[in-house]
Amino acid sequence: MYNTLGVLLAGGESRRFGQPKAFATYKNQYFWEISYQAIEKVTDANIIISQSVYIDRFKRENSVSVYEDESVFKGKGPLAGIYTAMKKEQAEWYIVLSCDIPQITSKTLENLLKFRSNHIKAVIPKISGRVQPLVAVYHISIFPEIENQLLTNQLKLTNLLDLIDVCYVNEQDLMINQEVFSNINTQSDYHKLLNND
């Protein structure tokens with residue numbers, strides 16, 4: 001059993017973006033590679049959760065462990081991805097990262113992990129007042145709550161957070177600028193990222 005497992009979520013539909021965001025590039029690297037490199041520096045092991053259509057491509061690019069959502073909850077979003085990670089690989093803590101935050105750094109994730117304690121079940125950034133449940137740390141003990149949320153189609157991560165003990169952290173706690181958490185949802189977001197480089 002690992003102490004800390006990294007979980008890269010890279011299976012979204014990317015409808016607004018118009019192409020798979022995981023394979024968009026920034027500074028000559030795929031988005032997923034940037035995220036994976038940030039997360040692997042602070043964990044004991046790492047996995048990618050994606051769609052079946054992308055799994056072979058991930059495995060060609062790198063010898064990483066890639067899973068698709070458990071069939072019973074396939075297509076039910078990030079919550080299903082976290083459920084799948086907890087079911088496939090045993091760890092005490094799971095640091096979850098979506099693949100569309102290309103300015104994330106291992107230092108930010110390392111700072112996030114420092115807020116773990118015996119009294120809480122998740123460490124969640126709140127950046128500019130906005131909750132960021134896809135750059136977050138979750139404890140294995142919430143697995144039953146996640147499963148129940150999926151079974152009852154309560155798929156919003158914020159609904160899960162209402163049920164568990166959460167430590168919320170802000171920019172000052174993490175010693176970052178809010179831009180680090182900018183996620184890329186549209187081509188407009190992407191062009192802005194590239195133009196600011």
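All values below come from the heavy atoms of this structure, side chains included, with hydrogens, waters and symmetry mates left out. For clarity, every value in this text was computed on a predicted model and none was experimentally measured.
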Is there a path of hydrophobic side-chain contacts, each under 4.5 Å between heavy atoms, that joins [X] and [Y]?
X	Y	value
Met86	Leu9	yes
Ile101	Tyr138	no
Leu79	Val137	no
Leu113	Leu5	no
Phe181	Val96	no

Restricting to non-hydrogen atoms, name the atom on [X] and the atom on [Y] that form the minimum distance, rounded to 0.1 Å.
X	Y	value
Leu161	Pro133	CD1-CB, 4.4 Å
Ser98	Ser35	O-OG, 3.7 Å
Ser50	Val66	CB-CG1, 4.3 Å

Open item on the list: Walk me through whether Leu150 and Val72 qualify under side-chain contact (heavy atoms from CB on, under 4.5 Å).
Closed with: CA-CA 10 Å; Leu150 287 163; Val72 65; over 6 Å; no
Less than 4.5 Å apart, side chain to side chain, heavy atoms only: is that true for [X] and [Y]?
X	Y	answer
Glu171	Lys126	no
Ile184	Pro102	yes
Tyr67	Ile48	no
Leu8	Ile49	no
Leu97	Val7	no

- [ ] Determine which pairs satisfy ring pair (Phe, Tyr, Trp, His ring centres under 6.0 Å) with at least one residue from residues 149-171, sequence neighbours left out, and list them in order.
- [x]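 Of all non-adjacent pairs touching residues 149-171, none passes ring pair (Phe, Tyr, Trp, His ring centres under 6.0 Å).
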Open item on the list: With ring pair (Phe, Tyr, Trp, His ring centres under 6.0 Å) as the rule and sequence neighbours excluded, what pairs involving residues 85-120 come up?
Closed with: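 Qualifying pairs: Trp93-His139.
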Which residues pass the side chain to side chain donor-acceptor pair (under 3.5 Å) test with [X], sequence neighbours left out?
X	answer
Thr43	Asn46
Asp173	none
Glu68	Lys74
Asn183	Asn185

TODO: Would you confirm whether the ring centroid of Phe31 sits within less than 6.0 angstrom of the ring centroid of Tyr190?
DONE: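 Between Phe31 and Tyr190, which both carry aromatic rings, the centre distance is below 6.0 Å.
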List, one per line, each side-chain donor-acceptor pair under 3.5 Å for residues 151-160, sequence neighbours excluded.
| unit_1 | atom_1 | unit_2 | atom_2 | d |
| --- | --- | --- | --- | --- |
| Thr152 | OG1 | Asn148 | O | 2.8 |
| Thr152 | OG1 | Gln149 | O | 3.3 |
| Asn153 | OD1 | Lys76 | NZ | 2.8 |

First locate atom [atom1] of [X], then atom [atom2] of [Y], and finally report the distance between them rounded to the nearest 0.5 Å.
X	Y	atom1	atom2	result
Lys107	Leu109	NZ	CG	11.0 Å
Asn177	Gln103	CG	CD	9.5 Å
Ile82	Lys87	CD1	NZ	16.0 Å
Asn28	Glu33	CG	CD	10.5 Å
Leu194	Gln187	CG	CD	9.0 Å
Cys99	Leu134	SG	CG	10.0 Å

TODO: Using the six-membered ring of Tyr30, assess whether NZ or CZ of Arg57 lies under 6.0 Å from its centre and within 45 degrees of the ring axis.
DONE: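 Because its charged atom sits under 6.0 Å from the ring centre and within 45° of the axis, Arg57 does stack over Tyr30.
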Open item on the list: Test your reading of the model: is there a side-chain donor-acceptor pair from Ser182 to the backbone of Glu179, 3.5 Å cut-off?
Closed with: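 Indeed, once roles are kept as given, a pair shorter than 3.5 Å links the two residues.
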TODO: Under the ring-ring contact (aromatic ring centres under 6.0 Å, His included) rule, collect the residues that match up with Phe143, sequence neighbours excluded.
DONE: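 Phe143: ring-ring contact (aromatic ring centres under 6.0 Å, His included) contacts with Tyr83.
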TODO: Return the set of residues passing side chain to side chain contact (heavy atoms under 4.5 Å, CB included) with Val180 (not counting sequence neighbours), or none when no residue passes.
DONE: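 For Val180, the residues satisfying side chain to side chain contact (heavy atoms under 4.5 Å, CB included) (neighbours in sequence not counted) are Ile104, Thr108, Ile176.
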Task: Single hit among Ile124, Ile142, Ile120 for side-chain contact (heavy atoms from CB on, under 4.5 Å) with Ile164 - done: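 Among the candidates, only Ile142 passes.
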Open item on the list: Are more than 12 heavy atoms, taken from residues, nucleotides or ligands other than Lys41, located less than 6.0 Å from that residue's NZ atom?
Closed with: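 Not buried by this count: 12 neighbours or fewer within 6.0 Å.
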- [ ] Applying side chain to side chain donor-acceptor pair (under 3.5 Å), run through Arg116 and Thr4 and close with a yes or a no.
- [x] CA-CA 11 Å; Arg116 290 177 293 182; Thr4 309; 2.8 Å; yes
Open item on the list: With side-chain contact (heavy atoms from CB on, under 4.5 Å) as the criterion, how do Ser141 and Lys121 come out once you've worked through the C-alpha distance, each side chain's angles and the decisive distance to 0.1 Å?
Closed with: CA-CA 7 Å; Ser141 60; Lys121 303 302 180 187; 3.2 Å; yes
Open item on the list: One pair to check against ring pair (Phe, Tyr, Trp, His ring centres under 6.0 Å): Phe58 and Phe23. What are the steps and the verdict?
Closed with: CA-CA 10 Å; Phe58 279 118; Phe23 299 103; 5.0 Å; yes
Open item on the list: Asp69: which residues meet the salt bridge (Lys or Arg N to Asp or Glu O under 4.0 Å) condition with it, sequence neighbours left out?
Closed with: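 Salt bridge (Lys or Arg N to Asp or Glu O under 4.0 Å) check on Asp69 returns nothing, list empty.
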Task: salt bridge (Lys or Arg N to Asp or Glu O under 4.0 Å) partners of residues 88-104, not counting sequence neighbours, each pair once - done: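 Qualifying pairs, neighbours excluded: Lys21-Asp100, Glu70-Lys88.
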